[in-house]
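See below for the structure under consideration.
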Amino acid sequence: MPYRTIIEPFRIHTVEPIDFPDEDRRRAALERVGYNVFGLHADEVIIDLLTDSGTGAMSTRQWAGIMQGDESYAGSRSFYRFRDTVAEITGLTEVIPTHQGRAAERILFAVTTNAGDVVPNNTHFDTTRANVEYQGAEARDLVIPAGLDPAAEHPFKGNMDVDALEATIEEVGRDRVPLVMVTVTNNSGGGQPVSMANLRAVREVCDRHGIPLFLDACRFAENAWFIKLREPGYADKTPIEIAREMFSLVDGCTMSAKKDGMSNIGGFLAMNDPTLAQECRNLLILTEGFPTYGGLAGYDLEAVAQGLWEALEEEYLRYRIRSTEYLAEKVAAAGVPIVKPPGGHAVYLDAKALLPHIPPSQYPAQALACALYLEGGVRGVEIGSVMFGKPQPDGTEIPAPMELVRLAVPRRTYTQSHIDYVGEVMIAVAEKAGDLRGLRMVSQPPWLRHFTATFEPL
Ligand code: F0G
């Protein structure tokens, strides 16, 4: 199209009202939930950018598919549609449905990983890390150095450091590395893409050592679009061609269909090794369900099968990546420090740069997430030392490498004026940055503490 404005490639068919809690109500809500925005009722939030996971709008075709769901316990028609779609997009032959991504992770690591093993990843997502550690293994993040520098401009900041991967295998020995995983896009590292060249290089290392390579494929379509935009030789390829090439380089994948499956629930584990798949299915039956539904309703399988294709549509991806970039440009132009370049699904505020007076031990990104909610009812999520800090026996903590607040954009859900409003709220908070105070953690659970830890202001 000859015009500059990239419009939403859909029109609105059903609407959901938004509540507008006033500042007093927001202040009271923050106190009630112990300064952890996960505890808020969704009705207390004006614009909810907590996650892009399962929070998007489904299409008329997905809803139509839902009406055709086959709820047979075994062998449902919807399963075969799901299986064929996943196989067609990924080329992987063994397709195991799960209720969401972490269920696929739990099964994969339970079957492949033992205590003392080391699992390399560019950056583990929190559930992936927790599932590796739950097996008694070490989850090692090996993203390239630029991936840890929020201000560094690099087209593929999600890339794995191939030399560090080689050194890790050297150090711990091939037998203690059950698999290598690459997360596309690299969510915890800023939603940054991984290049095809990097995937190829990682594949080469894995081949040399005989180690299987898995993709954490949650945002595979967004990653494919970044490859099209940024990697030489891909401009004329379609997203599906690029996605197929990405999957052709791996032995399997875990997937949360709540992201690029464009669905409210769902996921899968897929691979080529039938023996490994059989072991996974045995475990699947224990906790998820029979292998032709894996914890999902037949109608969910239909929604995912349709959604996976929609995530690969060019008009959608152009709008999707541009609308995230639009928010990033708006706040960056006002001098708000963000991870650059913006990721596919989210804008990440750099709390370390914005709040240099709050040390990591006082959780600057958690304080910033609270301030965004108090200012304008905008809910984001801390990705910093609350999520990834490592408590030590002496009561201190090793801080996370970065202190970020992620504002994740649900798919096809908010319009440009919602996003303009979010930008205004972010800029208003940044103007008051000097007044913000840190937090003290009051309580925490043993796993995934960011979901339920509570705080008080210092
Ligand atoms: N891997 C990545 C890269 C993820 O972003 C997520 C979920 C998962 C695995 C787990 O999938 O939620 O379906 O069990 N990320 C969400 C988020 C929760 O907000 O980024 P799940």
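One-based numbering, in listed order, for ligands and for the atoms of each. In this chain, numbering begins with 1 at the start of the sequence shown.
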Partners meeting side chain to side chain donor-acceptor pair (under 3.5 Å) with T127 (sequence neighbours left out): E105
Salt-bridge present (R129, E133; N to O < 4.0 Å): yes
Residue pair P97 / F82: nearest heavy atoms and the distance that separates them: CB-CE2, 3.8 Å
Residue of the set Q68, E302, R83 for which side-chain hydrogen bond (donor to acceptor under 3.5 Å, both in side chains) holds with S78: E302
Enumerated ligand 1 atoms positioned under 4.0 Å from heavy atoms of T183: 3 (C)
Salt-bridge present (E8, R320; N to O < 4.0 Å): no
Nearest-neighbour protein heavy atom for atom 8 (C) of ligand 1, which is reported as residue plus atom name and distance: F125 CD2, 3.5 Å
Distance filter under 4.0 Å to Q100 heavy atoms, resulting ligand 1 atoms: 12 (O), 13 (O), 14 (O), 21 (P)
Winner among D52, D216, T128 once heavy atoms are compared against atom 3 (C) of ligand 1: D216
Test side-chain hydrogen bond (donor to acceptor under 3.5 Å, both in side chains) applied to S385 and K352, K390, E403, the passing residue: E403
Gap separating the CE atom of M387 from the CZ atom of R406, nearest 0.5 angstrom: 7.0 Å
Contact (N/O only, under 3.5 Å) between K259 and ligand 1: yes
Ligand-residue contact atoms, ligand 1 with T51, heavy atoms, under 4.0 Å: 16 (C), 17 (C), 19 (O)
Atom 10 (C) of ligand 1: the protein heavy-atom neighbour that sits closest, reported with distance to 0.1 Å: T127 OG1, 3.4 Å
Part of R406 within contact of ligand 1 (heavy atoms, under 4.0 Å): side chain
Flag side-chain contact, heavy atom, 4.5 Å: V331 against I338: yes
E424: partners by side chain to side chain donor-acceptor pair (under 3.5 Å), with sequence neighbours left out: none
Atoms of ligand 1 close to E105 [distance to a heavy atom under 4.0 angstrom, numbered from 1]: 1 (N), 8 (C), 9 (C), 10 (C)
Within reach of ligand 1, part of R102 (heavy-atom separation under 4.0 Å): both
Taking atom 13 (O) of ligand 1 as the reference point, the nearest protein heavy atom with its distance: S256 OG, 2.7 Å
G267 heavy atom under 4.0 Å from ligand 1: no
Ligand 1 atoms in contact with G101 (distance to a heavy atom under 4.0 Å): 11 (O), 13 (O), 14 (O), 21 (P)
Those atoms of ligand 1 less than 4.0 Å from some heavy atom in K258: 13 (O)
